[in-house]
2 protein chains.
Amino acid sequence: MQKTVQKRTLKTRARLIEAAEDVIERNGYQALRVEDVVQAAGVAKGTFFAHFRDKDALMEMLIGERLVACFDQVEQGSAPHTAPEIADALQPIHAFMTSERYVFDLIIRYSGATAITEIGPIARCFERYVHLVAGWLETAKVRKDISPDLLAEGVQAFAIQSMSLKFCALHEAESFSDRLEIYLDAWLTPAA
Amino acid sequence: MQKTVQKRTLKTRARLIEAAEDVIERNGYQALRVEDVVQAAGVAKGTFFAHFRDKDALMEMLIGERLVACFDQVEQGSAPHTAPEIADALQPIHAFMTSERYVFDLIIRYSGATAITEIGPIARCFERYVHLVAGWLETAKVRKDISPDLLAEGVQAFAIQSMSLKFCALHEAESFSDRLEIYLDAWLTPAA
DNA sequence: CTCCAAAAATGACCGTGGTCAATTTATAAG
DNA sequence: CTTATAAATTGACCACGGTCATTTTTGGAG
């Protein structure tokens, strides 16, 4: 039983990814067609699916990479201590997640791994989100009656709610960041 | 400029809907194929798309109807007063929403109307959810420092979070209802 | 009844994601 | 260098949602 991976494989895969990134650069994630990618990469269609389970798998990888970069950026900054500061600190992540409706939908769809064996970059980012925020909350001026982890899960829930409403015509009145701040203030620092 | 609607139209539409419901009855929402529906209804494929903008439009209608029925049922019951009672009262709605992954995804996708002119039954149900819960909260034993509407939006956010995690292999430990109760208790009756 | 314009239905056709048996290419062993 | 075998690639093909020019049906006017 051989399991050698030929150099060719890595080259082809790299060409496919680069081609996909070019296509996305020009027209956004939503407009990507597998045909365009394989033509730009100079390979046959079947080759694409030998490298990626399906189109979504490529998208999960590419969007996941960008998302990871957003997290890296956010983790560079210093820890925020109040609800508005937290909302502000998370802004780069939320901005990318809502940059395209397609991107938001895909991220939500892949936010939970269906099986342990297929935990992808996006599902990992959702765990990282909770850990990151929970870390901040340990030393932040917030309620202490429940665990930082639970508080952080709530922050995530409110962020998703706020992002959903951003795409909703019924709730155009408030801006995304205003809404999130209101939620987080009520969740993290309740008055009664 | 005539705009008469022939009787035929209503009949064909009814046949399509009945056929779709039969197909769903047998194999669930996810497995529905337009080909199967038109064949069962005894019409051509083009006819389907003369009656429904696309497959999703039919799905939104059918799932929306079932969702409305769930709300009607929940509204029959008496108003709950505590966090666990609220979670319990909403159970029929949450149960249907998570009955199939496909159903949950479609509901989330249609929960926000993209344009005012196309507010569908599902988007309307999301508004109804907030109004329903806000009504309960007015007389419930919960924090009073923020408005019932905002509190209700939070309940919705936590419910969606809990439902998402139900489909996630990383969070199988806790059951859906346990998780929702923990969230709602922390959100509605904070200790500090 | 006949006639005709609008409404409805039709089905061949298209776009795009995805499959798979057949072919080509890389590499290790002799 | 050959040869055997597994890995990689190919492209014709399929499934399914969706379109649209053409045909059929309806129902009111004369």
Side-chain angles (χ1 to χ4, degrees), chain A residues 1-20 22-24 26-63 100-103 105-106 109-110 114 118, chain B residues 1-20 22-24 26-63 100 102-103 105-106 109-110 118:
Chain A
M1 181 172 169
Q2 244 169 299
K3 58 170 183 175
T4 52
V5 176
Q6 304 177 2
K7 289 176 222 155
R8 197 170 37 150
T9 309
L10 299 174
K11 229 175 185 171
T12 304
R13 187 183 166 87
R15 281 229 307 285
L16 280 166
I17 292 171
E18 199 188 350
D22 283 357
V23 170
I24 290 163
R26 270 199 300 282
N27 307 319
Y29 289 91
Q30 154 79 42
L32 182 138
R33 300 282 165 265
V34 174
E35 295 270 17
D36 297 344
V37 174
V38 296
Q39 191 173 357
V43 300
K45 206 177 189 177
T47 303
F48 180 96
F49 293 97
H51 286 265
F52 303 99
R53 188 171 12 82
D54 52 25
K55 181 180 150 178
D56 274 2
L58 169 71
M59 287 308 204
E60 192 198 3
M61 209 202 81
L62 295 177
I63 291 174
E100 264 185 62
R101 211 211 147 118
Y102 177 87
V103 170
D105 285 350
L106 190 132
R109 203 144 37 79
Y110 279 86
T114 313
E118 54 178 43
Chain B
M1 179 175 172
Q2 241 170 301
K3 56 168 182 176
T4 53
V5 175
Q6 304 177 1
K7 289 175 222 158
R8 196 168 41 148
T9 311
L10 300 175
K11 229 175 187 170
T12 305
R13 187 184 166 88
R15 279 228 309 284
L16 280 167
I17 291 171
E18 198 187 351
D22 282 358
V23 170
I24 290 163
R26 271 198 300 281
N27 307 320
Y29 289 91
Q30 153 80 38
L32 182 138
R33 300 283 166 265
V34 173
E35 295 271 17
D36 296 343
V37 174
V38 296
Q39 190 173 359
V43 301
K45 205 176 190 177
T47 303
F48 179 95
F49 293 96
H51 287 265
F52 304 99
R53 191 173 10 84
D54 53 25
K55 180 180 150 177
D56 274 2
L58 170 71
M59 287 309 204
E60 193 198 3
M61 208 201 81
L62 294 177
I63 291 174
E100 267 185 59
Y102 176 87
V103 170
D105 285 350
L106 189 133
R109 202 143 38 79
Y110 279 87
E118 55 179 44

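So you know, we letter chains A, B, ... as the sequences are listed, proteins then strands, and number each from 1.
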Separation of atom [atom1] in [X] from atom [atom2] in [N], rounded to whole Å:
X     : N      : atom1 : atom2 : value
A:D36 : C:dG17 : CG    : P     : 8 Å
A:L10 : D:dT9  : CG    : P     : 10 Å
A:L16 : D:dT10 : CG    : P     : 10 Å
B:H51 : D:dG17 : NE2   : C1'   : 17 Å
A:Q39 : C:dT16 : CD    : P     : 12 Å
A:R53 : C:dT19 : CZ    : P     : 10 Å
A:L58 : C:dG18 : CG    : C1'   : 14 Å
B:F48 : C:dG11 : CZ    : C1'   : 16 Å

_Verdict with reasoning, A:V37 to A:K55, per side-chain contact (heavy atoms from CB on, under 4.5 Å)_ = CA-CA 10 Å; A:V37 174; A:K55 181 180 150 178; over 6 Å; no

Closest to side chain of [X], choosing from [options]:
X     : options                : value
A:A44 : C:dG17, D:dA7, D:dG11  : D:dG11
B:K45 : C:dT10, C:dG18, D:dG17 : D:dG17
B:Q6  : C:dG18, C:dA8, D:dT9   : C:dA8
A:D54 : D:dT9, C:dG18, D:dG17  : C:dG18

*Under 4.0 angstrom between A:T9 side-chain N/O and D:dA7 OP1 or OP2*: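 So the side chain of A:T9 is outside the cut-off, no N or O lying under 4.0 Å from OP1 or OP2 of D:dA7.
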
*asked:* Using OP1 and OP2 only, check whether a side-chain N or O of A:R33 sits under 4.0 Å from C:dT16.
replied: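 Checking A:R33 against C:dT16: at least one side-chain N or O falls below 4.0 Å of OP1 or OP2.
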
_Heavy-atom nearest nucleotide on DNA chain C for B:R13 versus A:F49: which residue maps closer to 5'?_
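First, find each residue's nearest nucleotide; the 5'-ward one identifies B:R13.
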
Classify [X] by what it touches in the nucleic acid, base, sugar-phosphate, or nothing, heavy-atom distance under 4.0 Å.
X     : value
A:L32 : sugar-phosphate
A:K55 : sugar-phosphate
B:T47 : base

*asked:* Test your reading of the model: is there a side-chain donor-acceptor pair from A:E60 to the backbone of A:Y110, 3.5 Å cut-off?
replied: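 No; zero donor-acceptor contacts below 3.5 Å.
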
_Backbone N/O of B:Y29 and side chain of B:E100: donor-acceptor pair under 3.5 Å_ =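 Judged by distance alone, yes, a pair lies under 3.5 Å.
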
*B:E118 CD: over 12 foreign heavy atoms closer than 6.0 Å*: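 More than 12 heavy atoms, drawn from other residues, nucleotides or ligands, come within 6.0 Å of this atom.
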
*Under the side-chain contact (heavy atoms from CB on, under 4.5 Å) rule, what do A:T9 and A:H51 come out as? Steps first, then yes or no, please.*
CA-CA 9 Å; A:T9 309; A:H51 286 265; 3.7 Å; yes

